[in-house]
Amino acid sequence: QVQLVESGGGLVQPGGSLRLSCTASGGIFKFYTMDWYRQAPGKQREWVAGIDTQDHTVYADSVKGRFTISRDNAKNTMYLEMNNLKPEDTAVYFCSCIRLYWGQGIQVTVSS
């Protein structure tokens, strides 16, 4: 059983930056593909970015060039660096391990 805990969310102005973290326990982190998802009010959960065990990364078109996903296997932690944030990035962000285990989610609000 893998447990995931997100941190680093909050309120930020448009154009600002935030870094989300997702710390895993209960498994061998370096063996897992990890993803970030988000869910805005009234919308379905959408995939944001993913990173595999070889550090290959992929992004949704809506965040490409603004968000960077990374991982530190020594710390069992995945990150999402979010720059040039827009109001439409407002959502609850979830981290996922092999799309089977999920964190509790963390709120990101982009507003002036």
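Residues take their numbers from the sequence shown, with the count starting at 1. Any value given below was found using the heavy atoms of this structure, including those in side chains, with hydrogens, waters and symmetry copies removed.
- Grouped with Trp47 in one hydrophobic cluster are Tyr37, Val58, Val92, Phe94, Trp102, the linkage being side-chain heavy-atom contacts under 4.5 Å among Ile, Leu, Val, Met, Phe, Trp and Tyr residues.
- No path of Ile, Leu, Val, Met, Phe, Trp and Tyr side chains, each step under 4.5 Å between heavy atoms, connects Ile98 with Val5, placing them in separate hydrophobic clusters.
- Judged by distance alone, the side chain of Arg66 and the main-chain N or O of Asn84 form a donor-acceptor pair under 3.5 Å.
- Note that the SG atom of Cys97 and the CG atom of Asn76 stand 10.0 Å from one another [nearest 0.5 Å].
- When the side-chain hydrogen bond (donor to acceptor under 3.5 Å, both in side chains) test is applied to Asp52, the partners found at least two apart in sequence or on another chain are His56.
- Counting only N and O atoms by type, the side chains of Gln107 and Thr109 include a donor and acceptor under 3.5 Å apart.
- Residues forming a side-chain contact (heavy atoms from CB on, under 4.5 Å) with Lys43 (at least two apart in sequence, or on another chain): Ala40.
- Summarising the geometry of Tyr32 relative to Thr53, their closest heavy-atom pair is N-CG2, 3.7 Å, with the distance given to 0.1 Å.
- Here disulfide (SG to SG under 2.5 Å) pairs that include residues 24-90, with residues two or more places apart or in two chains, number zero.
- Screening residues 28-80 for disulfide (SG to SG under 2.5 Å) gives no qualifying pairs among residues at least two apart or on separate chains.
- With Thr57 contributing its side chain and Ile51 its backbone, the two residues share no donor-acceptor pair below 3.5 Å.
- Looking at Tyr59 and Val48, their side chains never come closer than 4.5 Å, going by heavy atoms from C-beta outward.
- Listed by first and then second residue, the salt bridge (Lys or Arg N to Asp or Glu O under 4.0 Å) pairs that reach into residues 101-110 come to none, sequence neighbours excluded.
- Residue Tyr79 is found outside any hydrophobic cluster, as its side-chain heavy atoms come under 4.5 Å of no other Ile, Leu, Val, Met, Phe, Trp or Tyr.
- Leu4 and Val2 make their closest contact through CD2-CG1, 3.9 Å (heavy atoms, listed as atom of the first residue, atom of the second, distance).
- Looking at Phe29 and Met34, their side chains come closer than 4.5 Å, going by heavy atoms from C-beta outward.
- In terms of heavy atoms, Ile69 sits closest to Trp36 at CD1-CD1, 3.6 Å.
- Applying the salt bridge (Lys or Arg N to Asp or Glu O under 4.0 Å) test to every pair with at least one member in residues 77-86, sequence neighbours left out, gives no pairs at all.
- With sequence neighbours left out, Asp61 forms a side-chain contact (heavy atoms from CB on, under 4.5 Å) with Lys64.
- Residue pairs meeting the salt bridge (Lys or Arg N to Asp or Glu O under 4.0 Å) criterion with at least one partner in residues 25-42, sequence neighbours excluded, are Asp35-Arg99, Arg38-Glu46, Arg38-Asp89.
- Judged as a salt bridge (Lys or Arg N to Asp or Glu O under 4.0 Å), not a single pair has a partner in residues 103-112 (not counting sequence neighbours).
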Do any side-chain atoms of residues 12-27 form donor-acceptor pairs under 3.5 angstrom with protein atoms, and if so which ones, sequence neighbours left out?
unit_1 : atom_1 : unit_2 : atom_2 : d
Ser17  : OG     : Asn83  : OD1    : 2.8
Thr23  : OG1    : Thr77  : OG1    : 3.2
Ser25  : OG     : Gln3   : OE1    : 3.3

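- Here the shortest heavy-atom pairing between Met78 and Cys95 reads CE-CB, 3.5 Å.
- For the pair Gln39 (side chain) and Gln44 (backbone), a donor-acceptor distance under 3.5 Å is absent.
- Remark: Ile28 CD1 is loosely packed, at most 12 non-hydrogen atoms of other residues, nucleotides or ligands lying under 6.0 Å away.
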